[in-house]
Structures are given as structure tokens and as C-alpha cells.
Amino acid sequence: ADSVKVGIALDISGPFAALGAESRDGFDLAIEKLGGKLGGLPAEVVKTDFGGSPEQAVQLVQRYLQREKIDFFTGPIASNSALAVGPALFAAKVPFISSNPGPSPYAGKQCNPYFFGQYQNDTYDEAAGKLANEKGYKNMVIVAPNYPAGKDHLNGFKRLYKGALKDEIYTKVGQIDYAAEIAQIRAAKPDAVFFFLPGAMGINFVKQFVGGGLKDIPLVAPGFSADQDVIQAVGEPMLGLYNTAHWTHDLQIPANAEFVAAFRKKYDGRYPTVYAAMAYDTIMAIDAAVRDVGGRIEDRAAVAAALAKPSFQSVRGEFAYGRNHYPVQNYYLRVVDKDAEGKLTNKLVGTVLEKHQDAYVGECGM
Amino acid sequence: MSAASLFQARGLVKRFGGLLATDHVDLAVEKGEIHALIGPNGAGKSTLVNLISGLLPLDGGSLSLDGVELTGLAPHQRVRAGLSRCFQVTSVFGHDTVLDNLLLAAQAHAGSSFRFLSRRSAEKELMDTALALAETVDLAGALHRIAGTLPHGAQRKLDVALALAARPRLLLLDEPMAGMGPEDSLQMVALIEKLRAQTAILLIEHDMDAVFQLADRVSVLDYGRVLASGDVDYIKGHPEVQAVYLGTDTET
Amino acid sequence: MTQSERIAPSATVPARRFDAAGILPWAVFALLAAVPLIAPHFGLEYYVGFVRHMLIVAIAATSLNVILGYGGMVALGHAGFVGVGAYAAVALVEAGVGSAWLAWGGALAAGAVFAALTGAVSLRTRGVYFLMITLAFAQMLYYLAVSLRTYGGDDGYGLYTPLSLGWLDGVHGDVFYWVVLALAALVFALASRLAVSRFGHALMGIRDNETRMAALGYPVYRIKLAAFTGAGALAGLAGGLLASHNAFVSPSLMHWTESATLLVMVVLGGRGRRWGAPLGVAIWYTLAEVLKINTEYWHWPLGLMLLLVVFLAPRGVAALFERRRGEG
Amino acid sequence: MDAIFIFEQLLNGLGYGLMLFLLAAGLTLVFGIMDTMNLAHGSLYMAGAYIAAKVHEASGSFVGAVAVAIALTVLVAAVVEVLVIRRLYARDHLAQVLATFGLILIADDAVRAIWGPSPILAPTPAALAGPVQLLPELPYPAYRLVLLGAGLAVAVGLYVLVNHTRTGMLVRAGASNRVMAEYMGVRVGRVFSFVFALGAALAALAGALMGPIGAVQIGMGEAILIPALVVIVIGGIGSVRGAFVAALLVGLVDTAGRAFLPPALRAVLPPSLAADLGPALAGIAMYVLMAAVLAFKPAGLFPARA
Amino acid sequence: MKHEPLLTCRGLEAGYGASQVLFGLDFDVGAGEVVALLGRNGMGKSTTIKTLVGGLRAKKGEIHFGGTPIHGARADAIARLGVAIVPEGRQCFPNLTVREHLVAFADTRNGRRDGWTLDRLYALFPRLKERAGHTGNQLSGGEQQMLAIARALSTNPRLLVLDEATEGLAPVIRDEIWHCLARLKADGQTTLVVDKYVEKLVQLADRHLILERGRIAWSGTSVELDADRELWSRYLGV
Ligand SMILES: Nc1ncnc2c1ncn2[C@@H]1O[C@H](COP(=O)(O)OP(=O)(O)OP(=O)(O)O)[C@@H](O)[C@H]1O
Ligand SMILES: Nc1ncnc2c1ncn2[C@@H]1O[C@H](COP(=O)(O)OP(=O)(O)OP(=O)(O)O)[C@@H](O)[C@H]1O
Ligand SMILES: [Mg+2]
Ligand SMILES: [Mg+2]
């Protein structure tokens, strides 16, 4: 081929607008860095906002496949969008490099040679569970919204957590007020609280949790609930919150240092989030794969094979793909702290899980 | 009150909060009778009509028409049973033509209104019924006028025509003369007189000329109760009725 | 004036109008039927699916137009019916059904049953109360679907093997498109006919003056419930079709903003107008598609358009055309 | 489950109820009393929250921030009123829904263009950041007390304004029969503009006060719209007292559903079923309540208009 | 008796959309005078009144009230000048209580101190006092009519305009209204009245205008009208 076309499903309006915007900034930065080329070929990037609705994402992917004839796909933030668009992409053999969601079906029974994850959804929680053990928390309360993904996250936590559960609280989706739950937590007197509450729910929860006088009970969360976007919105109450992720901006790796510096330069000194990092990595992965197949991207199988053996320097450090095309990689412990300028941000504390693989790989027949 | 009365209401009660708007009212209307209901403002006349037609739920009492028990029936079922009404405020379909109004009324009483696959305009019988109704109330010349733009008197007549489509045995008229000048009032009186042959009528009206001209029997309501009931002369001469309602200098 | 003279105009006017207006649906139908045959020649295959989607949404919008436009029932829970249909189809697939007809039939039935049940309660209220109670039922469904694991909850449910259309399967790659078109045309014809039928007249009478209709002897509640149930059935069918079309179903189908968008499309097109629903859907989707391709800020122009419609075409875009045609 | 816990949850329920009333207050005025369906009410709420957060962050003064937020939001609302809303008063609900839905789309894009797509920081005023000890065993967030106070004050103020002042009467008159009100000499346009501005001020106040305990982000307005409407409808459109009672009712039912329903179900049902059912039911408690109320009282608890 | 004209109307034309209803009306209402507007149904009486009070924009012509031009003025401005109307169809506010109807618009637009107060209005219509807490939609038709009259009086207008104000009232109450209007007249209340009880109007009014298809077909004093029964049958259908 003489050019590469990447379709990006932007998520910059709707419920995941903030995360989608982070992704977009990561994509833009990477493409800029590569001088508008991918694997040496001129790159054409088509980006469309689909407003976070999986049904609209399905429409969008149809257009990308049939009208734009894309070679690679990436972009949606939410698992449901990823699950919605997968079948069409897989049928067309267009590689889908996830820039965020890592739904369990694609890690297990529905694993597909054309899907590539960045992490499996539960692995963050598994890391948090391990962390809780290491911190010596014996009695915990765990909180998540009442939908299957919420339960998955709590199950992920329970998979490695060895202590006792004082309570397992499921909140309403989109809840504003958490007084009742906070009272329950206070009554349970746990050593620590683990919560998975994405977006506004997490912001509401942490603010009210601290305001409710439970500052002394440590909070543990998967990285999504304590990333820069949330920190920036919640402020001081985030201080000291432990969270886990497969990447952090102060990870001392040349590729990462370069990325973070470039990002902060381009975007007014803002720290990148994990979403920006993954978007950046996604473009880098495509770049490497195109180069590895010598520009013959028509050979989809070869492209998929090349993607499966990543030959680029990832901002998260070394990783390899498992059988299910989900990475085997490290998970880090971060804590919300102040940087040199007094800005709140995550600080790397250490590695919680090394070369960790997700729990679903066994179900994958690939 | 004979057992053979066409319509009988026994012990009707209606409360609005603390207000006893209808206070154990007994009322009977005989076949072919025009029975006028008069009484001071707020005496409970419209309320009574609403109770009879089923627009308001009863708090007590029972109703029957021609031996059929009406008490538990919904408004439209009462219409089916032969009880039809007009409203105190003219209530026609103002955006439709007179013809459409009449067709709508006719349709309610000829076949099912749940048919949705065939055009109504193809039904000749409905058209005939509508035209006959228009003829009855003298609106045949205004079939294609939009009902809302008709003069008030004509709208009133249309209202009556809509009620007549049910071929009622008892027709409830709530102030049919309201808002009419002398000329239209005379026409309405003539129309009601004409209807006497078709149906019994319970007539509420403050126009005493019309009431005394039309009514076979008059019942007077006051504070939700029947104060007096009898023929026109009896009512005219009734001192209490004069005091609470007619006043001393009755208009011509 | 004799009587026959007086009725004459009404007898001729509709007949003449019928000719002019009667051609239009067939022309549109033919044009839409040709889309899959023409589009590939211009590299526009994608728009086959796009139009198919609009046709499905137009079915849902038309069903809303029946209760909203003709019946005066302002419902804000229509996406709930669509969702029920979609999930019914999914449930049948999960239970091993492979036939599209069965799945869609199930969707239709589920929409009808759900509408009948919720309608029985909702129709006791009017106006904004009705709007809110229909919303409440749709929201209950939404949260139920979000938390229900069997069908994927929030993650949704993928239909990975396409449903079978029976012997039609082998006919042509785009046969699903034509099936949808045929169903949409049927629904459109049904709604158009309904408007001039006894039932439609009764429904419009109820819209204009419910009390009077009861006093005329109409079983108002039953008529409204019948219309509501019918609309629910058609919306359910649209949901079933949508499940096939997207090969995916998720609760976001039932989010209240989807109900609001349906409402907005119908009002935009012209409520109670024959062409209102399809026109509204076509305008909304086309505009959104064009805007999304061209800008990240694609919401506000849609908002502006709504404002313009409210003030410049208060009875909807379809009314605008009707008047033009009347003048011309 | 001890008495303190139950008492605390009761308090939480009432607190949430008052919070809901605060959110619904402006809408009660504009929709309930003036009968204008303004979906973009949530956008004014969002504006209030954003402006207050930004000003608070920049100036350090919370009270000042709230004041500025109200002032600026009212200004924006006044412009929108002149350009759009004023032409909608006489229109039907559907036209109002359509137009104000359009306003939402515009407002969300505008906020995104001005402040970016990410949620922003709305700090809690330092003095109120911690809890106060209500009872020895019962700390209560100080800031929440402010919200409760504001909710109560707004409720009382609104009740008096609507039911016991001439302005309230004139608004109601103008809303139900504009022409007749004008025949009586009422400058309906001016009264409505005033009430709309007041509604905007209440929306901004709610937004500014809610910011510190919640997420200040695009879409926050739409998220509160439904609960606010639910409260108004349960109470009976047009009744301030109804809205108040309904808000408390919703607050209590919702809180009770979350706090007591899952354990109660666990006690009587198999654990897996209870785990699925409890939170699901608690999540839709508000809607079930509304459907139940309307099924028995089709015009809400305190019907104000026929 | 010589009156200063309070209201003057010159060449007034008005209508609804394309259909013109009034074709050039000229008349005055003097201060303290009671003028009756007569005519059969649909002749334009209500339209005249609507145009006077600003509910309908005049197509042509001039209206002056107390020297101020009011054609083209808004209804609320005209009302504040001191014009109060009892409109056709009562138009009570469904969501205001009886008491609120009577205090919300209360004013002293005629500048007199001994005007109508709540108590005096209740004394005029005791029924309203009994129903003080009812809202407009919880009243019987006649109660609404009383309320509409009382509401107009509560503004203490300089010009009182009554369009079929005795409509739907019991005969006793009707008599009350006539007595009341007579008393008002004695007090110097300027009144423009439309009603179907011509005999009562002959007793009450100073002058009469008969409308026929949007034009003034006849005008004159009560004595003249009373004398000419031919007018009655020709123009009024009596
Ligand atoms: N919905 C209601 N709520 C409370 N009170 C009501 C309601 N409807 C009517 N009333 C009261 O009930 C009484 C009877 O009213 P109704 O309308 O039956 O009187 P009416 O005899 O028809 O009077 P009119 O001759 O003035 O029309 C009145 O005093 C009225 O105030
Ligand atoms: N809103 C309207 N739109 C169109 N035409 C109207 C409207 N109101 C009245 N008309 C017409 O204007 C003419 C005069 O009506 P108007 O109400 O002034 O008569 P009126 O003399 O007051 O009669 P009535 O005794 O019936 O009250 C009538 O032909 C009527 O049909
Ligand atoms: Mg009455
Ligand atoms: Mg008139």
C-alpha cells in the first residue's frame, strides 16, 4: 500500500468525554511525533466523535469499513463500545488495537486474532487486591456500581485479596449522593475501602467520603478512579489515595520520559493520563507493525502477526502479548501526592504485580 | 316518584373536600318529560349532571335508566345505555368542520371505533346519519364551516347535535341558552321543543322564560338539596324558591 | 343551495388531493428500493446500512407519531419499547431461535405486552404526568437492563451470527435492507391509513377533547390503550430490527435521551403529519452524520436547527412542505 | 443495626431530600409555576457550578464565588430569555421541549469550548471541609449542613413567594391565562422575565453549592434534570409544598432503598438472588415511587391545577 | 347632563386575520356615563370590546382614553390606565383562589379612596366569601361570573367594561348585579355594558349603540330606544 488509514472512534462528547479527550491528545501527539507517517507510509487518520453510545459506534465502524476502508481501528473508551464494534471489525479482518477497554469476553471465549488489548479490565483490581494484602488490610469494604462490569471489577479485586470483606456495596449507576453508603462504611469500620466508581461517580464518592469524616480510612482504587483527570477535579481529598495501573507518568523509561515531556510541552504542562499514554502507544504499535510488514498492510494476517510481536518501545516498559493478545506486563502502585510545584499527581511507589497475565487467557481458544 | 320512571336517581351524594355539593338528591324523569333543574349559582346543578353522566364519581347513591343500573358504569357506557349530555361550556371540536364533528358523533354509535384499516370517508351510512343530524339542528347549511368559527348559537346547536347522535332516551342539557341573544334563544327553545318527541330531557337553565315555556316539571336545588319539585305554576308560586332563586321581580 | 351542492366540494377535493399525494410515497419507495443497487457504483455501500438504520428508526418514530401526533399522548419512554423489542430478540436468540422472523415477531409481541402493561397504568394520567410516568417505566427498564448479567448488562450483548430470513437469505446480499424497507413502508402505509380510519378519527377526537369524546360514548381509555399498545408493538419491532441491524444490543438504546431524541425528531418533522416522522428522522440523522464527519463540535448546530424549527416552522418541517404544495 | 445508624440514615434521607429540593427549586418556579418546560434548566445549573468553581479557585472566596456565579448565570439567562425563552411562554410543552433541548446541545458544546471536556475542580470551602460531631457517635459533613440550610431556606422563601405574595399570584395568573392577566393590568412579560431570572439564580445557587460535593462536568445538568422533574411531578406540578414533600419522600425512599433493602433482602432471599435484586431495586426506587404515586394520584400528591 | 368624553373612538376597524368584523365605529363614552352596546349575536360587540381593551389590534382608527391614545397600546398598559373588563366566558384563573383573585389586582385606578375593598366585594357577593379558599376551577359557572365581576371592581376602574356579565347567573343574583350597576352609576362609575337583557339596560344606561354587522346602526338615549320597539325587533331579535 502507499498509505495507511487509521480509523479512530473519538469519545469526546457524552459520558466519557474527558477520557476521550485525553485519548485524542495522545493520538495527536503520537502522529505529530511520527511526522504524519506510520511505518514510513503517509498516514491518513479519520476521527469521528460517536458520543459514547455503542449503537452509534456500530454505525461509525460501518462507515469506516465500507466508506473509508480503514486499515486499523482504535479509539472507543468504554467496554460496551468495544464489544459492539468488534464483530464487524473482526469479520473484515481490520486490526482493532484497543486504546483502553479490555473486556473479559475478548480476553477469553471471544478472543480474536485481530484484537489487541492494553490491559484486561480486572487486572487493575487484581493488583489492588494484592496491594491490600501487602498493606495488611484485613477487613475491607468494597464498592462498585450495580452493573456486571462493576461486579467484574470487584471479583477481580477478590481474586487476589486474602483478607475479609466487611461489606460489598453496589451503588446506583450515575448516583449523586453517597451519604447512605458512607454511613454504612462508617458503621462497618473497615481497615480500608476499595472502590471502582468510574467518572463522576468516583468524584462524588471521594469528595463526600472525605467530607464525611472518613479521611482516616485509606482508599484503594484501580487507576482509572485516581488518574490525573479525577485528581484535577477532586483536589486535596485525593491525597494519599493508593491506586494501581500498568503505567504511570513518572515511570523511568526513556520512551516514557520522552512522551511525558512532549505531552506536557504540547498541552500546557498538564500531566498525561493513562488514556493518553495508551493512545500514544497504540499509534506507536501501528507504526511498528506497518514497518515490520514492510508496508504490505493488505496482508492482514501478517499485520496481526506483527502487532502480536510488538517491536516498539512502549511507554509502559517491556511487555509481551499472551495467547489472547492481552499483554503480560507489570502493574504499578501509585499514590496521589504533590509534585515539586505542589501540584497534585500520582507518584510511583513500586511494582505490585510483575509480568502479570489476566485470568481469562485460559478460556481463549486461539 | 313512580317505579316506572324512565330515569331514577336515589340518594346521590357528592363531596368536594368539606363541601357537600350534592346532598342526598332523589330525582326522577319520566318518559317524554322535560324536567328542568334550577337553583342558585353553586347549588350543585352541574355537579348533579356530572354525577349522572359519570364525569364525576359518586360518593353515594344510585342511578338507573329504563331499569338499567348505571351506578357503576363509565361515562361512555352510560351513553351506550341511552344517556347523553351537553356541557355548560360549549364543547365541540373547534378545529374540525361541522361535518367532521357530526361524523365523529355518528361513528360512536354505529359499529366499532377500533377499525383502522378502512377509510371512514367510504362509509355512506355514517354520512347519512351526520346529514340527518345536521338537518335536525338546522346546520345543514354550515357543514363545511370550521366549527370554532361558527357563531355561538350555531356551536350550541352543534353541541346538541353531537349529543343526539347517541339517540338518547334521556338528554342532559346544561344551560343550553347560555350566551345566546333573544333570537338564538328562541331557536334553541324551538329545537328543544322538537326533541321532546325523541327523548326525555333534563334541562338546567337560568333563562326562566325558556324554563317556564318548556318544562313539564321543575326541580329546585339549593345547597345540594332538592328544595322543591313540581309543575311550573307550583314553582313560580313557591315562596322559598322566590326567595333563594327567582327573586321578586321576575323578568318577563 | 341544495344539499348535494353543499357536500359536493368535500367529495371532490380529497379525490384530487389523493392523486398528487398518492404518487409521492411510491416514488420515495422506489427511490429507496434502488439504493442498494445504485450505491455500490458510486462507492457508497456504507449508505445502504445508513439508510437501513434510518428506516428502522423511522418505524419507531412513526409509531410515536401515532400516539403523539394523532393521540396527543406525549410519551417520553418510547425508547423503552424499542429496548424491550431489542432485548426480546436477544432473549430469543439466547434461547436458540435462529429465525429473524421469529425474533422480530417476539420483539413486536414484547413491545405490545410491555406497552399494554405500562399503558394501563400510565394512561390514568395526562399531560406532563403522562410524560413523566412513561419516562419512569423506561428508566426502570434501563436500570434493569444495566444490571442484568444474562444479557451483558451495561456491556451489551452481541449477536454474532446473523439471524436467518428463511428462503430470502440466498436472494441477495442486501435482502435485509429490502425487508426493512418493506416493513417500514408497511408501517408508513398503516399509519397513513390509520389517520383517515375510524380509529384515527376517534384518536384525534380524544386528543382534541377527551371529556367530550367520553360523553359521545367513546371508550376513551380503551382506545388510547389500543393505540399505545399498537405503537409499543411497532416500536418493539423497530427494536428487534435494530438488534439485527447493529448485531448488538445495549441498555443505552433505552436511555432517556434516546426517548427524547425520538420525540424531538417527530416534532421536528411534524407531529400528526403523515410525513412528519420519516422526515424528522431523515433530517436529524443526515445532519448529525454530516456534522460529525466535519467537526468535533457537532451538537450545537443541531441545537440551533431545533431553535430555528421551533420559531420558523412551529408545526414541523412537513407542515412547511404541505403549505408550499398548497400554495403551488 | 443500631439506633444511631437508623437515625443517621434518616438524616441522610432528609438531607438528600433537601438537596433534591434545592436542585428542583428553580425548576419548580419555571416549570411548576410558570408552566414553561425548560430542559435547559440543567445547563444553568451547570453554568452556576462552573463559574463558582472557577471563581472560588481563583479568588479563594466561596461566598464571593457563589455570588458571582449567580450574577453571571442570571445575566446569561437574561440573554437567553430575551432571545429564546420569551418566545416560548405562550407555546405548548412540546415546542418548549424541542427548543430547550436545542439549548442543551448548544450549552454543552459551549462549556466544552470554554472549559474543556474534563471535569473541573470545585474545592470545598476550607472552613467547612471536615465533619462536625452531631452526636458523639455521629459525625456529619459540615458542608452538607450548609446544603440542608440552603434547601430549607429556599423552600420557605419559595413557598412564601409563590403562595403569599402578590408577585406569586401574578405569576400564577399569567401562567394559567396570560391574556386575562394582561387585561387585569399585569405586565406578564416583565413578571415572567423576573421569575425566569429568579429560577436561573436558584439553578446557579444549586450548582454552585453542589459543586464542592460532586463532579463539575459537562452533562451534570442533564443528570439532575430527571430527579428534579420527578420531585416536581410527584408533588403535583405547581405546588411548592408538594415539591418539598416529594423531595423529602424521594430522599427518604431512595436512601432507605440503598441502606436497608439489600440487607433486608439478604435476610429473606437466597444470597445470589438478593445480591442481584437488592441494588437493582434500590436503583429504581425513585421511579417506582413516582409510578406508584401517579397510579393512585394521577395529578401528584398535591394537585394544584386541574 | 353634559359629559366630558372619557373614551373616544373614531373610525375603528378591526377583525380576525383576513376577516374584518368592525367597519369604522365612531362613538364616545362620557365620564360618569353608562353606555350599552347592543346587537344580535355575532355583530361585533365582543370584538369592539376586545379592541378597546387592547386584546385585539385595531386595523384602522383611533381610540383615546382620558386623552391618551390607546389604539396600539398593550392590554396591560390600557388596564393600568383604569380600564377593567369582565370578559365573555369569565376567564377566572384556575390556580388562584377566590380571595387571591380579589387581592392580586386590587388597585385604586379611579383615584378614589372610598373604593371597592375585599370586604365590600364580599358583601356584594356573600357567596364568594363562602368560597374564598376555592380556586377558580372549583367554582360553579355562576360563581365564576360573580368572581369575574368582583375582580374587575377590585381594580376600582375609571371605565368598567362588562361583556355579558349577567350570563349564567340566577335571577336573584342578576337583579343584584343590576342594582349594583345602578349604584355604581350613581357613584359616577363610567360603564360600557353588553348584555342581552335589553329592558334592564334601558333602565340602567344613559345611551345605547346598536351594532349591525360591525357598524353602528343606531344610537340614542334610553328614552328613544324604549319608544321605538321597531328597533328592538329589527336589530335585537326581540
Ligand atoms: N372541583 C371542585 N372542587 C371543589 N368544589 C367544587 C368543585 N366543583 C364545584 N364545586 C363547588 O360545588 C358547588 C356546586 O357547583 P355546581 O357547578 O354544581 O353549581 P351549579 O348549580 O351548576 O351552579 P351554576 O348555576 O352557577 O353553574 C359550588 O359551590 C362549587 O363551588
Ligand atoms: N377569534 C376569532 N376568530 C375569528 N373570528 C371570530 C373570532 N371571534 C369572533 N369572530 C367572529 O367575529 C364576529 C363578531 O364576533 P363577536 O364575538 O364580536 O360578536 P358578539 O357581537 O360579541 O356576539 P355574541 O353575542 O355571540 O357574543 C362573528 O362573526 C364571529 O364569528
Ligand atoms: Mg353549573
Ligand atoms: Mg360577545
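Below, read A as the first sequence line, B as the second, and so on, with proteins coming before strands; counting in each chain starts at 1. Excluded from the calculations below are hydrogen atoms, water molecules and symmetry mates; all remaining heavy atoms, backbone and side chain alike, are included. Keep in mind that what you see is a predicted model, and the values were worked out from it rather than measured.
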Colleague: Which atoms of B:Q77 come close to chain C, meaning under 4.5 Å heavy atom to heavy atom: side chain ones, backbone ones, both, or neither?
Modeller: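 Neither; nothing under 4.5 Å.
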Colleague: Just checking, is any N or O donor in the side chain of B:R85 or B:N50 under 3.5 Å from an acceptor N or O on the other one?
Modeller: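 Indeed, the side chains of B:R85 and B:N50 share at least one donor-acceptor pair under 3.5 Å.
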Colleague: Between C:F81 and C:F114, what is the ring plane arrangement, given parallel below 30°, perpendicular above 60°, and tilted in between?
Modeller: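 C:F81 and C:F114: perpendicular rings.
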Colleague: Tell me whether B:H35 contacts the main-chain N or O of B:A28 through its side chain, where contact means a donor paired with an acceptor under 3.5 Å.
Modeller: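 Yes, because the side chain of B:H35 sits within donor-acceptor range (under 3.5 Å) of the backbone of B:A28.
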Colleague: Against chain C, work out which of B:L162, B:L83, B:L103 has the most heavy-atom pairs shorter than 4.5 Å and name it.
Modeller: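 Top count of heavy-atom pairs under 4.5 Å with chain C: B:L162.
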Colleague: Side chain from CB out, backbone as N, CA, C, O: work out which of these in B:R80 comes under 4.5 Å of a heavy atom of chain C, or both, or neither.
Modeller: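 Interface part for B:R80: side chain.
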Colleague: Under a 4.0 Å threshold between the charged nitrogen and the carboxylate oxygen, would B:R196 count as salt-bridged to B:E193?
Modeller: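 Yes, charged N to carboxylate O under 4.0 Å.
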Colleague: Is the positively charged end of C:R126 above the ring of C:Y129, judged by distance under 6.0 angstrom from the centroid and angle within 45° of the axis?
Modeller: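 No, C:R126 and C:Y129 do not form such a contact.
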Colleague: Can you say whether B:H109 sits under 4.5 Å from chain C via the side chain, the backbone, both, or neither, judging by heavy atoms?
Modeller: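 Side chain only.
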Colleague: With chain C, which of B:S84, B:S112, B:A134 has the greatest number of heavy-atom pairs at distances under 4.5 Å?
Modeller: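 Maximum pair count with chain C is reached by B:S112.
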Colleague: Tell me, side chain or backbone of B:F87 under 4.5 Å from chain C's heavy atoms, or both, or neither?
Modeller: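 Answer is side chain: those atoms of B:F87 sit under 4.5 Å from chain C.
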Colleague: Quick check on B:D159 against chain C: is it the side chain, the backbone, both or neither that has a heavy atom closer than 4.5 Å?
Modeller: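 B:D159 touches chain C through backbone and side-chain heavy atoms alike.
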Colleague: With chain B as the partner, which of C:N209, C:L194, C:D208 has the greatest number of non-hydrogen pairs under 4.5 Å?
Modeller: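 Most heavy-atom pairs within the cutoff with chain B belong to C:N209.
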Colleague: Need one label for B:A81: side chain, backbone, both or neither, based on atoms under 4.5 Å from any heavy atom in chain C.
Modeller: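 Contact with chain C involves no heavy atom of B:A81 at all.
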Colleague: If we define contacts as heavy-atom pairs under 4.5 Å, which of B:A166, B:S118, B:P75, B:A105 has the most with chain C?
Modeller: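 Looking at each of B:A166, B:S118, B:P75, B:A105 in turn, B:S118 comes out on top.
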Colleague: Are C:Y70 and C:F199 an aromatic pair, judged by ring center distance below 6.0 Å?
Modeller: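 No; C:Y70 has its ring centre 6.0 Å or more from that of C:F199.
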Colleague: C:S192 and C:R274: side-chain donor and acceptor closer than 3.5 Å?
Modeller: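 Looking only at side-chain atoms, C:R274 and C:S192 do form a donor-acceptor pair, the distance falling under 3.5 Å.
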Colleague: Quick check on C:A214 against chain B: is it the side chain, the backbone, both or neither that has a heavy atom closer than 4.5 Å?
Modeller: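 Both parts, backbone and side chain.
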Colleague: Between B:R169 and B:D66, is there a side-chain N and carboxylate O pair less than 4.0 Å apart?
Modeller: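 Yes, charged N to carboxylate O under 4.0 Å.
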Colleague: Sort B:L55 into side chain, backbone, both or neither according to what part of it lies under 4.5 angstrom from a heavy atom of chain C.
Modeller: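 For B:L55, the contact with chain C is made by the side chain alone.
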